[in-house]
*Asks:* 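First, the structure itself, so that you have it in front of you.
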Amino acid sequence: MSGAQRIPILKVGRVLVVPIQTDMDDQTVVHLQERILSELERTRARGVLIDISLLEMVDSFIGRMLSDIASMARIMDARTVVVGIQPAVAITLVELGLELSGVSTVLNVDEGIKLLRDEFDIEEREDDELFWGELNLLGEHGHRA
Amino acid sequence: MAEQTAAPMQDSSRRVAEVFSTRRDEILNLWIKDRLESDDFRDELISKKELRQQSRQLVELLSQGIADSGGGQFEDPAFDELRRFLNDISHLRAVKGYTPMENATYVSALRNTVRPMLVEDFEGDAATLAGELGYLASVIDKMALVMVENYIRSREETIRQQRADMMELSTPVIKVWDKILTLPIIGTLDSRRAQLMMEALLQRIVETGSTVAILDITGVRTMDTLVANHLIKTVTAARLMGARCILTGVSPAIAQTMVQLGIDLTQITTRAQMSDGVKLALEMIGKTIVSTTALAHLRDGLQRNGAKPAEQAPAAAGNK
Amino acid sequence: MESTAIALENDQDIVVARGEVRTLAAAIGFRSLDQTRLATVASELARNIVKYASRGQMIAQPTRSPHGREGLRLIFEDDGPGIANVEAAMTDGFSTSKGMGKGLPGSRRLVDEFTIDSAPGRGTRITVVRWL
């Protein structure tokens, strides 16, 4: 039953976007972790944005996967942001004793992109695009907004 | 042996039943008269007709109970109906605003009404009289207890209901700025209320897309470990969702108890006053509050340097 | 409502178990937070069985307390190796395999009642209840 469920991994600029939309079995979770890491290596992306806003439950297994991805990606010089943990899921995680240490969490995809850009200094665009974009911005306003 | 001692008691108790059945109307009239004349009677709370009706039913159920139980104790199932009736009227009286004292004296006055009749009927028989009086006293005392106990229960129920209503009212989550929520907590925090507030706050965080929440406890007088843990849980859960919390208005008394209870609040950002919290929250979302004078100076400076101030958005808090 | 039994042998069964528990919890009238708590407990305890005992089952039964309170009872049973030191297993941070250790004590915090019956060689039976 390998790869029974296939979670999409999208590359947007220098960020891997992973929208998780279904309840995953453990094998899918393990598989996803491996795929994200190999995609990081292949695409040289510098950010991973995992959207779990549709997940109704995060247990210790999925929680550990998220922490592990964050630490492994970090070693590969990429930052991980987990998006959209629902209130019920957040409360349950706290009661379970999982605080997802080392994982940056944000409310929605907008905040996720903003965090990767502003604090982790990762643009959605490729390097050269970013360069011209910056110049453009400087030309228009005299300083970066 | 046991039967021998029980038999005369039952026998003598039946005499009270006799008094109740033969002189019922007399008892009722005297009792009601006494009640109407006493200071306790409050015609704004109960009508004479209602009192009469209520009392009649009570006397009937009591004499029924004594007769059916063969002069047994108040715990006997024969008194079940009387107990139910007492429950009903004490609840009604509690709702109407009688005091527990008034509830009890209403019933115990019945003893004072019946006592002279017993004395009259058994004048020559001291042993029977003592036994009958003792029995009557024990039954009526227990009836009075039911009245008081039930009164308290009704009151507690009312208070519980009011508290529940207040709880609903007292968990307002207010959006003070784009992406900033405040939760002013006022009054006594119990575990249930703390939990409701936590859930309401987290829900609003999602709905409004707020990244900062200010929990203001200026209005909280005491805090125990359970409530403090709920608070910590809220802050941690909010962080998992991507929002940060600021705790403001911690009174010296609460700060002291927290430390004494060994509650670790070092993970939580705190500010003395709500206003400091608002200031920090604005900074967290990249805004600041600037005085208008300072703003004018800034504008002048920019003007001298040749920039067009008209294009500069007013630099008050919150404008991009 | 009838009770449901679900065989636990592989990863897929864990997903089925937690899905079934959420559905049952919703039918009983549990609000969304409690549905999540119960589904999470089911996931943790079902995984324990698949992982340590290879096979076992979960029984989910709607229940009623002596005071008339409605609730959901979940029973997880297996004939696996059992737990030698139950007390230690219930302590935060205890683990017999890498990275575990949140499962049992964490699950206990998500329910109202938690009983565990286990001994080496006798299998394990964990019963949890959450009241509405």
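Residue numbers start from 1 in every chain, and the chains themselves are labelled A, B, ... in the order their sequence lines are given, proteins ahead of strands.
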*Asks:* Examine distances only and state if a side-chain atom of A/Thr105 and a backbone atom of B/Leu240 form a donor-acceptor pair shorter than 3.5 Å.
*Replies:* yes
*Asks:* Considering heavy atoms only, which positions within residues 242-253 of chain B lie below 4.5 Å of chain A?
*Replies:*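 Checking residues 242-253 of chain B against chain A gives B/Gly242.
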*Asks:* Please classify the contact of B/Thr234 with chain A as side chain, backbone, both or neither, using a heavy-atom distance under 4.5 Å.
*Replies:*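 For B/Thr234, neither part sits under 4.5 Å from chain A.
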*Asks:* Just by distance, do the side chain of B/Thr288 and the backbone of B/Leu282 share a donor-acceptor pair under 3.5 Å?
*Replies:*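 Here the side-chain-to-backbone pair does not exist.
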*Asks:* May I ask you to say whether B/Glu157 pairs ionically with B/Arg160, meaning some side-chain N is under 4.0 Å from a carboxylate O?
*Replies:*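 Looking at B/Glu157 and B/Arg160, the cut-off is met.
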*Asks:* Side chains of B/Asn87 and B/Arg84: any donor to acceptor distance under 3.5 Å?
*Replies:* no
*Asks:* Strictly below 4.0 Å, N to O, side chains only: are B/Glu149 and B/Arg153 in salt-bridge contact?
*Replies:*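 Answer for the salt bridge query: yes.
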*Asks:* Given 3.5 Å as the limit, does a donor-acceptor pair link the side chain of A/Thr22 with the main chain of A/Met24, or not?
*Replies:*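 Absent.
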*Asks:* So which part of A/Glu99 gets closer than 4.5 Å to some heavy atom of chain B, the side chain, the backbone, both or neither?
*Replies:* both
*Asks:* Under 4.5 Å heavy-atom distance to chain A, tell me which part of B/Ile232 shows up: side chain, backbone, both or neither.
*Replies:* neither
*Asks:* Should the pair B/Lys233-A/Glu95 be classified as a salt bridge under the 4.0 Å nitrogen-to-oxygen rule?
*Replies:* yes
